[in-house]
Each structure stands twice: as structure tokens, then as C-alpha cells.
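First up is the structure itself, then whatever we jot down about it.
Convention: sequence-line order gives letters A, B, ...; per-chain numbering from 1.
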Number of protein chains: 2
Amino acid sequence: MKQRLAAIGTVEALPHRVAAFLSREIDSGELNPGTRLPTEQQLSEKFGVSRNVVREAIAQLRADGMIEARQGVGAFVLAPEQRASIRIDGEALKDTENMERLFELRCILEAESAALAAERRGQEHLDAIKAALDRMSGEERWEEGSIDADLLFHREIARATGNSYIHTFISFVCEQIRRSIHYARLTNPLHDLVDVNVGEHVRIYEALVAGDPKAAEAAMRAHIIGAAERVGVKLPAARAKHTGKGK
Amino acid sequence: MKQRLAAIGTVEALPHRVAAFLSREIDSGELNPGTRLPTEQQLSEKFGVSRNVVREAIAQLRADGMIEARQGVGAFVLAPEQRASIRIDGEALKDTENMERLFELRCILEAESAALAAERRGQEHLDAIKAALDRMSGEERWEEGSIDADLLFHREIARATGNSYIHTFISFVCEQIRRSIHYARLTNPLHDLVDVNVGEHVRIYEALVAGDPKAAEAAMRAHIIGAAERVGVKLPAARAKHTGKGK
DNA sequence: CTTGATTCAGTTGTAGGATGATATGTATCA
DNA sequence: TGATACATATCATCCTACAACTGAATCAAG
């Protein structure tokens with residue numbers, strides 16, 4: 001009883017299709033956490049593909065932390081909370097709702113990180129941050145380049161916290177946002193989405209130099225809220241908090 | 001000229017090892033974006049594994065968006081900005097005893113999330129949080145069980161923010177901490193690392209019920225700082241902030 | 001009946017070859 | 001010169017076989 005895999009216009013490879021199918025079944029709850037998947041043999045028959053293809057699909061799901069395979073036993077669906085890795089697919093970023101959530105998360109992470117960085121930054125951190133700032137405000141306002149510099153600026157601040165987890169997480173979120181913007185420009189090239197407000201960055205940098213955590217946090221918060229607005233995302237009840245100084 | 005793959009204590013599967021090896025080469029810049037990888041044949045000879053193994057490794061890297069394979073041509077290293085998805089692997093983060101950093105990140109995420117949750121929580125969220133709270137303070141203080149309930153409590157709060165990214169990130173961080181504790185107990189079984197302070201949790205819950213963001217944030221911050229201390233982690237300059245009320 | 005070791009079937013992990021599909025370069029020819 | 005056909009290289013898929021491991025059934029000994 002072969003099952004037709006969605007053969008859409010996409011020329012996606014077979015393993016990807018199989019993985020997507022299983023992934024949907026898991027997300028939709030048809031395959032509850034803890035249940036065992038059919039054997040590779042059965043899956044290969046069900047989908048009408050070779051066992052190799054099934055294996056690659058399962059390897060992918062396993063890398064995503066959705067399932068766990070035990071030799072000699074089988075493959076089991078994992079609960080979301082026990083997944084060992086986070087993965088956000090590019091597909092999931094194409095609507096503004098997600099952008100909103102991403103910016104919200106970014107605001108939380110970066111605001112406090114800026115405060116930490118203000119306390120802990122060393123001279124080499126300040127130098128690196130300054131370099132990114134210069135690149136950003138530099139001669140040419142080449143779009144991609146200035147966005148790169150912008151992200152570098154934020155990553156360097158995260159690095160200055162001395163906490164590698166924070167650095168990793170912020171890099172991750174920033175990269176997601178960059179991709180979203182990149183994609184948005186492709187679909188709507190007229191709209192200039194470049195968001196490089198040098199003034200806001202300078203304020204952050206000055207607070208870091210001064211070693212003032214509260215000022216750094218406030219400046220970063222204001223900056224991210226502003227950045228969100230400039231790309232058309234309104235942070236819902238952005239918890240103005242002590243952002244009273246807002247823009 | 002076979003190349004020894006790092007055969008560490010871990011019994012990781014071969015595809016994972018190959019993928020990790022290539023991944024490091026890419027991240028370290030030895031393989032620049034645009035570069036073509038050796039053919040599957042060459043890689044299988046180089047590592048002394050079958051092509052199937054190489055294929056699964058490449059499939060994994062491709063799923064992570066690090067490389068792109070074109071049929072009939074080869075596999076190419078992608079630049080970070082053209083990656084279609086990004087992943088944070090738990091394995092890559094647990095190199096040392098960085099509980100400190102984990103707790104610091106957790107503090108940042110959860111404190112603000114608690115504030116958001118206080119504003120947005122619905123009745124069903126409160127019910128779920130209450131249920132976890134009851135399980136925690138319930139009859140039996142079975143270690144694993146109460147830890148599960150503890151984590152559930154925190155995850156439910158994250159869910160109440162309505163931001164799936166926040167939920168994902170906090171779940172991830174909590175899971176990492178749980179594993180670290182689990183591992184620590186294995187190596188040091190004498191030390192009782194169970195950390196379930198019901199009182200602190202109750203205070204958080206009450207703030208959520210009251211819909212008071214500031215109180216929720218303060219309570220959560222105090223709780224996580226306390227939790228860190230109870231497992232022997234001193235948050236360095238935990239940025240007491242408005243946590244003046246701390247224990 | 002209980003207990004323990006052994007065997008056996010089932011499943012994933014790995015190996016290696018064969019064939020199809022696709023892109024690229026090369027040689028031939030008008 | 002330009003276009004076409006061919007040859008080659010590579011990935012994609014399929015196939016079979018075996019190794020490693022697990023869990024349960026079987027069976028013998030007490």
C-alpha cells in the first residue's frame with residue numbers, strides 16, 4: 001500500500017519529502033512522543049523508496065532532535081522538551097508574526113546582555129565593537145555590508161558578556177532576523193529595509209565605554225524597539241519598563 | 001591515507017562524526033564558502049567509511065544549511081547568510097562545567113518571560129501552571145518526579161507568554177540544565193542536588209495570578225538565583241538590579 | 001516453580017556495488 | 001564560428017549483504 005508523497009512543484013529530494021511527511025505527523029500529534037516509528041523496512045515499502053532514503057530522512061529528523069534511534073530496537077519520537085537541539089527552519093520565518101516574536105526574544109536577550117557587557121567588557125571588546133561601529137557608519141552605505149557590520153556589532157557585544165551561551169543564542173537570533181530581512185527584500189524589493197541607525201548604536205557604545213549597565217540596557221532596548229518598527233514590526237506591549245526614555 | 005576520526009569515549013554514530021569533522025572544517029574557515037567538497041567517493045576513502053555514511057553526513061550538513069549539493073556537480077560550502085536554517089546543538093554546548101553560564105542565560109530569559117506571562121496569561125495557562133505547582137509540592141518528594149514538575153512549571157510559564165520562540169529557548173535551556181544536574185549526580189551521587197523550593201514557586205505563581213509583571217520578574221529572578229546557589233553555582237554579579245528583595 | 005544462560009528473530013548500522021539523472025566539458029561537423 | 005552530439009564526472013537512488021545490538025522466547029538446572 002504505497003503512499004503517495006506530495007509531489008509538488010518542488011523538486012525536493014526524496015529524503016527531504018519523507019522527513020517532511022514524518023515531521024508533520026509528529027507535529028500534528030499523530031505520532032505521540034514515546035511511540036516507536038515503523039521499521040525502516042516498513043517505511044521504505046510504505047513510501048515506495050529505498051531503505052537508504054528512509055535512513056537519510058530519519059538521520060535528518062534525528063539531527064533535529066525529533067526522534068531518537070536505538071540500534072536493534074527502533075526509532076522513537078521524542079517530546080519537544082527533551083530535544084537536544086534547536087532548529088528554526090527558514091520556511092518558518094516568512095510571516096510578520098514570527099518576526100514579531102523574534103524581535104521580542106531578541107529584545108529580552110540583548111537588553112540584559114548589554115547590561116552585562118557594560119560591566120564586564122575589556123578593552124579588546126570595546127575595540128572590536130568600535131571597529132564594527134566604524135564599518136557601519138563608514139564611507140559606503142552598501143546595504144549588505146552595513147547589515148553585516150550591524151550584526152557583527154551585536155555579536156561582539158554578546159561576546160563581551162563572556163558568556164558563550166549568550167553569544168550563541170544572540171548570534172542565532174540575529175542570523176534568523178537577517179535572513180528574514182533578506183527574504184523580505186526579495187519579495188518586496190521596493191521597500192528599503194536597511195536598518196542602520198548609527199545614532200542608536202553610538203549611544204549603546206558610549207554606555208559600554210562608560211561601563212553603565214542601566215544606560216546600556218536602556219539604549220539597547222530602545223534600539224531594538226526602533227529597529228523593529230523600522231522593518232514594520234510593532235512590538236506588542238514591548239514592556240516599556242524603564243524605557244521611558246524611549247526614542 | 002585514511003584519516004582517523006576522533007574516536008572519543010562517546011559512541012557516536014559514524015555519520016555524526018564525519019559531519020562534525022566537516023562542520024569544524026567549515027566553521028574554522030579551512031573550507032571557505034563556495035568551495036567544493038571532495039566527492040563522496042574521496043570522502044569515503046579519506047575517512048575509511050562507506051559512501052552511505054558520507055551521504056548521511058552530507059545530508060545532515062545540508063539540512064543544517066551549511067552546504068548545498070548539486071546533482072552531477074558536487075557539494076558546495078554555503079556562506080552563513082545563505083543558509084536556509086540554523087541549529088543549536090546541545091552537544092556543542094556542554095564541554096565543561098558551565099552551569100554558571102547556563103543559569104545566567106536562564107535568568108535573563110525567564111525573568112523577562114515571567115513579566116510577559118504576567119501580562120498575557122490566560123486562565124488555561126494559570127491552570128496548567130497551578131497543576132505543575134501541585135505536582136511539585138505533592139505528596140511524594142520523588143526526586144526525578146519533582147524535577148520534572150519543576151521544569152514543567154517553568155515551561156508552562158514560558159508558554160503563557162504566547163511566544164513560541166521564547167518557549168523553545170527556555171525549554172532548551174531548562175533541558176540542558178536538567179542534563180547537567182543529572183550528569184553531576186552520576187559523578188557525585190552523595191551530593192543531593194534536588195532543587196525544589198516550593199515557596200519561591202508559589203510567589204511566582206501568585207504574581208502571575210495578580211497579573212503583576214514587576215513582581216513576577218522579581219520573584220523569578222530571586223528564584224533562579226536561589227536555585228543556582230542551591231546547586232552550588234554562584235551567579236557572578238547577578239546584576240541584582242531590582243532584585244533587592246532577594247532572599 | 002524459579003532462576004539463569006542460551007538461542008533466535010527482529011532492527012538498526014555499515015559496507016559496497018549497480019544503475020539512473022544531471023551538469024559540464026570536449027570533440028566533431030556544418 | 002557556432003551548434004550539436006558525445007564522453008565524463010558527480011550526485012541520487014536502489015539493491016543486497018553482513019555486522020552489531022536488543023528483547024524475548026526457549027530451555028535446562030536447581
Side-chain angles (χ1 to χ4, degrees), chain A residues 2-22 26 31 34-78 84, chain B residues 1-22 26 31 34-78 84 91:
Chain A
K2 280 192 186 178
Q3 178 140 5
R4 288 300 294 162
L5 284 171
I8 329 178
T10 60
V11 278
E12 289 287 1
L14 263 57
H16 185 85
R17 280 194 237 166
V18 174
F21 188 93
L22 293 175
I26 291 175
L31 291 173
T35 58
R36 213 198 72 179
L37 265 67
T39 69
E40 296 175 351
Q41 190 81 23
Q42 291 171 325
L43 287 175
S44 75
E45 288 171 8
K46 177 179 178 184
F47 293 123
V49 299
S50 79
R51 203 181 135 215
N52 264 343
V53 172
V54 172
R55 278 194 61 78
E56 282 194 25
I58 288 182
Q60 185 174 326
L61 294 177
R62 201 171 44 160
D64 289 351
M66 299 184 70
I67 70 175
E68 176 194 34
R70 294 211 298 270
Q71 182 168 339
V73 184
F76 298 85
V77 179
L78 288 179
Chain B
M1 70 105 160
K2 278 192 185 180
Q3 179 140 7
R4 287 299 297 160
L5 283 172
I8 331 177
T10 59
V11 275
E12 289 285 2
L14 282 134
H16 187 84
R17 280 195 236 166
V18 174
F21 187 93
L22 293 175
I26 293 174
L31 291 173
T35 313
R36 214 200 71 183
L37 266 66
T39 69
E40 296 175 352
Q41 187 74 251
Q42 291 170 323
L43 286 176
S44 75
E45 289 171 7
K46 177 180 178 185
F47 294 124
V49 299
S50 78
R51 283 204 312 283
N52 272 336
V53 171
V54 173
R55 277 195 63 76
E56 283 195 22
I58 288 182
Q60 185 174 325
L61 294 177
R62 205 170 43 159
D64 290 349
M66 299 186 70
I67 68 174
E68 176 195 35
R70 293 213 300 271
Q71 183 167 327
V73 185
F76 298 85
V77 178
L78 287 179
E91 300 301 317

Inset, instruction - Establish whether the base of C/dG13 is bridged to the side chain of B/N52 by a donor-acceptor pair shorter than 3.5 Å. - result: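 Per atom types, no contact qualifies.
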
Legend entry - Heavy-atom donor-acceptor pair, A/E45 side chain to A/Q42 backbone, under 3.5 Å: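 Not at all, since once roles are kept as given, no pair shorter than 3.5 Å links the two residues.
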
Legend entry - Note: A/E68-A/R62 ion pair, threshold 4.0 Å (strictly below):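 Between A/R62 and A/E68 there is no salt bridge, as every charged N stays at least 4.0 Å from the carboxylate O atoms.
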
Legend entry - Residue closer to the 5' end of DNA chain D, B/G74 versus A/R51 (nearest nucleotide):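 Counting from the 5' end, the first nearest nucleotide belongs to B/G74.
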
Inset, instruction - Please round to the nearest 0.5 Å and tell me the distance separating atom CG of A/L61 and atom CE of A/M66. - result: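 The CE atom of A/M66 is 6.0 Å from CG of A/L61, to the nearest 0.5 Å.
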
Inset, instruction - List in numerical order all residues of residues 35-42 of chain B for which some heavy atom is under 4.0 Å away from an atom belonging to DNA chain D. - result: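 DNA chain D contact set from residues 35-42 of chain B: B/R36, B/T39, B/E40.
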
Separation of [N] [atom2] from [X] [atom1] (nearest whole Å):
| X | N | atom1 | atom2 | result |
| --- | --- | --- | --- | --- |
| B/Q60 | C/dG13 | CD | P | 13 Å |
| B/L61 | D/dC11 | CG | P | 14 Å |
| B/L14 | C/dT12 | CG | P | 18 Å |
| B/I67 | D/dA12 | CD1 | C1' | 14 Å |
| A/H16 | D/dT13 | NE2 | C1' | 17 Å |
| A/L43 | C/dT12 | CG | C1' | 12 Å |
| A/E68 | C/dT12 | CD | C1' | 13 Å |
| A/E56 | C/dT12 | CD | P | 16 Å |

Look at the side-chain N and O atoms of [X] and state whether any lies under 4.0 Å from the OP1 or OP2 oxygen of [N].
| X | N | result |
| --- | --- | --- |
| B/S50 | C/dT14 | no |
| B/R55 | D/dC14 | no |
| B/R62 | D/dA12 | yes |

Inset, instruction - Take nucleotides 19-25 of chain D nucleotide by nucleotide from the 5' end and write B, S or -, depending on whether a protein heavy atom sits under 4.0 Å from the base, only from the sugar-phosphate, or from neither. - result: -BBS---

Give the minimum heavy-atom separation between [X] and [Y], together with the two atoms involved.
| X | Y | value |
| --- | --- | --- |
| B/L37 | B/L22 | CD2-CD1, 4.3 Å |
| B/R36 | B/G74 | CD-CA, 4.2 Å |
| A/I26 | A/I67 | CD1-CG2, 3.8 Å |

Legend entry - Exceeds 12 heavy-atom contacts within 6.0 angstrom, atom CD of A/Q41: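 Counting other residues, nucleotides and ligands, CD of A/Q41 stays at 12 neighbours or fewer.
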
Legend entry - Test item: A/L14 and A/V53 side chains (from C-beta on) under 4.5 Å apart, heavy atoms: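 Answer yes - side chains close enough.
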
Inset, instruction - Indicate yes or no: at least one non-hydrogen side-chain atom of B/P15 is less than 4.5 angstrom from one of B/V18. - result: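 B/P15 does not reach B/V18 side chain to side chain.
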
